[in-house]
Number of protein chains: 2
Amino acid sequence: MRKSGLSMDDLARHLGLSRATVSFALNGRTDVRISEATRARVVAAARELGYRPHAGAQSLAAQRTDLIGFVTDIPASPFGGGIIHGAQAAAWRRHKLLLIVSSEGDPEIEATGVEMLLDRRVEGLVYATQMHRVATLPAAVEAVPTVLVHCTSDRPGAVSVLPDEVEGGYAATRRLLAAGHRRIGLVNLAAGLPASTGRRSGYERALTEAGLELEPALVRQGDATATTGYDLAARLLDLADPPTGLFCATDRMAMGAYDAAKERGLRIPEDVAVVGFDNQEIVAAYLRPALTTVALPFAEMGVAAVEMLAATAAGERVLDRTLTGRLVERASV
Amino acid sequence: MRKSGLSMDDLARHLGLSRATVSFALNGRTDVRISEATRARVVAAARELGYRPHAGAQSLAAQRTDLIGFVTDIPASPFGGGIIHGAQAAAWRRHKLLLIVSSEGDPEIEATGVEMLLDRRVEGLVYATQMHRVATLPAAVEAVPTVLVHCTSDRPGAVSVLPDEVEGGYAATRRLLAAGHRRIGLVNLAAGLPASTGRRSGYERALTEAGLELEPALVRQGDATATTGYDLAARLLDLADPPTGLFCATDRMAMGAYDAAKERGLRIPEDVAVVGFDNQEIVAAYLRPALTTVALPFAEMGVAAVEMLAATAAGERVLDRTLTGRLVERASV
DNA sequence: GCGCATAACTAAAACGCTTAAACGCACCGG
DNA sequence: CCGGTGCGTTTAAGCGTTTTAGTTATGCGC
């Protein structure tokens, strides 16, 4: 067995001080007076002997765990990984650790996970989804302040941080307009999804602002796959008066659109310009030519979630937040 | 403030029992005798009153945290997400929770993260990388049993679980051979990487076994991008006697190879068959035609890591493990 | 030389559980 | 009626911290 680490008691005894003094010194507390000399001596001894505070015991005594629960269906996917990272960074800044439960979308894992998190006495819960959707939270989350990321819920008191889909659609379309395109097709997601509705209204706003007529024939929708992207783009490009710019609501769909264009001998961006959405590196950056696309502000969303949790804990009243993404310029426009 | 949950003490008092009895009953201990009636009464009351054990206090008292540290550069990427999921599943099976630190490859985050994990008294550490490589572990990991996943280290005592690259390369090449191809090109990763070396020797073994001559001209290498994949594949296809089958060491490279083939008017798989490696859903499944590729056994690797940690804790001597992936058949052969 | 701040530190009670050891009691054989 | 044996439960000692409420010295004014 490895030398099992010394306790604060050991350290205090070694220094001929009381546990209390050591605790005060180590925590650098200013509301209690410890001579500078003693403080330094304690800190030095702690470092030298490799003393490690026992976070669990601290939690028990101090009545706070510094733990934030993070439940998500993200990790195994390329979507929204930034949320975790942003959340972790924000948590660390507050000396808190993220306790992550990766549900892979399985409600049972989710429920069990939340239970485990509550047993660990997490101070708050972040519930993040990879797709912008309406989520059904396990009932147990009631027990603790919760912030939803990338999703909403009808559960009262649950606050969300969401990407600004409208602004994203607007930015994408504006980019095509700026490149001189006047007939712009929209390869959209299936109707009803927040992402679909939002991106479309951004698209429409941009066109309207540019003084263009909205043509229903230029808007198609389907699921988020490359195959569907191919089909929808093909139909648009086969129109008598085809668009010269394509806004695809998903990088995956853009991937399909590339194929449709190439099959027709159309060069990107010379003959048809394409803007995607999601900035999935693996697709966007490696498509040929590389895809200009809209990146959702995932990291910022993660940060916001943790900050909102902190604000809630501090007794502030917290409201939903919407964060805007940014256009990533590459070579497809 | 929310009703802050009742303690085991409260529960015991409510039942007119001692804390010890409640503890025994709730933990279903068989080494101590509690009447069935009492046990049932306790469990019922606990459920009814919504009693939640305080995991932190349990850890302190029982001298085990049931926490496993998981340090990785994976989450924000599409690679190896399965490792986390497998590890989590295996951990849960043992009533342990994963404490994940997402380093994004930043050594400073990694070091701080490990410190935090040690403060939480994790019982072991899993260190997982998204790329098969040699890792430099923060010094602090010495303090605790550690298992490396998808990487190796020179640090003594650190055990690894690795994918069988050779077997993967062998399977991919065999698939092409089975389809009748006799001239098979290898679009490989840069030399020196374990993935590159392994996949290549699998490729060579398959060819040799099939009684074919190894032709150095059919093997090209470069970095893992689609662009490089395009370049290397193009050179192979422009050979006087071009290969009819292409084994790409990466799905991304296969993505580039597709472009090279299409540009030359070659149909996949009729004119040239392609097998990838990695099974990155987003690329492999949505490429047209969908890519046949080798999937690394990530989930199993995660499971293995946690099991090895458990074995170590149980005092067993643990050795490196190698797990083999599987061929995912789609439409490119 | 006394009373009093003040600075520096200590004692001890939590925090919510686990667990080894002790306890009381009913039952049994003799 | 007595000693032993199990069974069901309790007592109490931790686990490693934090924190409240002290307790000692020391210096200072008068």
Side-chain angles (χ1 to χ4, degrees), chain A residues 3-43 45-46 49-67 95 116 118-123, chain B residues 3-43 45-46 49-67 95 116 118-123:
Chain A
K3 187 166 152 298
S4 82
L6 75 182
S7 71
M8 180 176 277
D9 244 348
D10 300 332
L11 187 55
R13 211 168 306 127
H14 172 88
L15 286 163
L17 290 171
S18 76
R19 207 161 54 226
T21 305
V22 172
S23 172
F24 291 145
L26 251 26
N27 296 333
R29 294 187 44 157
T30 52
D31 55 334
V32 88
R33 272 158 317 236
I34 293 286
S35 73
E36 223 12 89
T38 304
R39 189 187 304 274
R41 207 159 63 89
V42 171
V43 170
L49 300 182
Y51 168 71
R52 238 176 224 304
H54 187 301
Q58 287 182 311
S59 302
L60 229 209
Q63 301 279 78
R64 55 174 170 64
T65 56
D66 286 339
L67 246 25
H95 304 282
M116 298 181 77
L118 293 177
D119 285 352
R120 298 281 172 177
R121 295 297 190 273
V122 293
E123 299 172 351
Chain B
K3 186 164 153 302
S4 81
L6 74 182
S7 71
M8 180 177 278
D9 247 346
D10 299 332
L11 186 57
R13 211 168 305 127
H14 171 88
L15 286 163
L17 288 172
S18 77
R19 206 163 57 227
T21 305
V22 172
S23 172
F24 291 147
L26 251 26
N27 296 334
R29 295 186 44 154
T30 51
D31 55 334
V32 88
R33 282 152 314 231
I34 292 286
S35 73
E36 222 12 87
T38 305
R39 189 188 303 275
R41 206 158 64 89
V42 171
V43 170
L49 300 182
Y51 167 72
R52 237 176 225 305
H54 187 300
Q58 287 182 311
S59 301
L60 230 208
Q63 301 282 78
R64 54 174 171 66
T65 56
D66 286 339
L67 247 25
H95 304 282
M116 298 181 77
L118 292 178
D119 285 353
R120 298 282 172 177
R121 296 296 190 274
V122 293
E123 299 172 349

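So you know, we letter chains A, B, ... as the sequences are listed, proteins then strands, and number each from 1.
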Mind checking what makes side-chain hydrogen bond (donor to acceptor under 3.5 Å, both in side chains) contact with A/R29, not counting sequence neighbours?
A/D31
A/R52 meets the side-chain hydrogen bond (donor to acceptor under 3.5 Å, both in side chains) criterion, sequence neighbours left out, with B/E115, B/D119
Taking only residues two or more places apart in sequence, or in another chain, which ones meet [X] in a side-chain contact (heavy atoms from CB on, under 4.5 Å)?
{"X": "B/A45", "result": "B/L11, B/L15"}
{"X": "A/S7", "result": "A/D9, A/D10"}
{"X": "B/T21", "result": "B/L17, B/S18, B/I34, B/T38"}

DNA chain D: 5'-most and 3'-most nucleotides touching chain A, 4.0 angstrom heavy-atom criterion
D/dG16 to D/dT20
Within residues 57-65 of chain A, find the residues that approach DNA chain C with a heavy atom at under 4.0 Å, and present them sorted by residue number.
A/L60, A/A61, A/Q63
Regarding B/S23, tell me which of base, sugar-phosphate or nothing describes its non-hydrogen contacts under 4.0 Å with the strands shown.
base
Which atom names give the shortest non-hydrogen contact between B/A55 and A/R120, and what distance separates them?
CB-CD, 3.7 Å
To the nearest 10 degrees, how far apart in direction are the end axes of the helix from C/dG1-D/dC30 to C/dG30-D/dC1, each fit to five base pairs?
60°
Report each atom pair, protein N/O against N/O of nucleotides 5-12 of chain C, whose distance is under 3.5 angstrom.
{"unit_1": "C/dA7", "atom_1": "OP2", "unit_2": "A/R33", "atom_2": "NH1", "d": "3.2"}
{"unit_1": "C/dC9", "atom_1": "OP1", "unit_2": "A/T38", "atom_2": "OG1", "d": "2.6"}
{"unit_1": "C/dC9", "atom_1": "OP2", "unit_2": "A/S35", "atom_2": "N", "d": "2.9"}
{"unit_1": "C/dC9", "atom_1": "OP2", "unit_2": "A/S35", "atom_2": "OG", "d": "3.2"}
{"unit_1": "C/dC9", "atom_1": "OP2", "unit_2": "A/T38", "atom_2": "OG1", "d": "3.2"}
{"unit_1": "C/dT10", "atom_1": "OP2", "unit_2": "A/S18", "atom_2": "N", "d": "2.8"}
{"unit_1": "C/dT10", "atom_1": "OP2", "unit_2": "A/S18", "atom_2": "OG", "d": "2.9"}
{"unit_1": "C/dT10", "atom_1": "OP2", "unit_2": "A/T21", "atom_2": "OG1", "d": "2.5"}

Can you confirm whether B/V22 sits close enough to B/Y51 that some side-chain heavy atom of one is under 4.5 Å from a side-chain heavy atom of the other?
no
Quick one: [X] [atom1] to [N] [atom2], roughly how many Å, whole number?
{"X": "B/D66", "N": "C/dC17", "atom1": "CG", "atom2": "C1'", "value": "14 Å"}
{"X": "B/N27", "N": "C/dT19", "atom1": "CG", "atom2": "C1'", "value": "11 Å"}
{"X": "B/M8", "N": "C/dT18", "atom1": "CE", "atom2": "P", "value": "4 Å"}
{"X": "B/L26", "N": "C/dT19", "atom1": "CG", "atom2": "C1'", "value": "15 Å"}

Nearest 0.5 Å, what's the CZ-CZ distance between A/F24 and A/R33?
11.0 Å
Qualifying side-chain hydrogen bond (donor to acceptor under 3.5 Å, both in side chains) pairs, either residue in residues 53-65 of chain A, two or more places apart
A/R64-A/D66
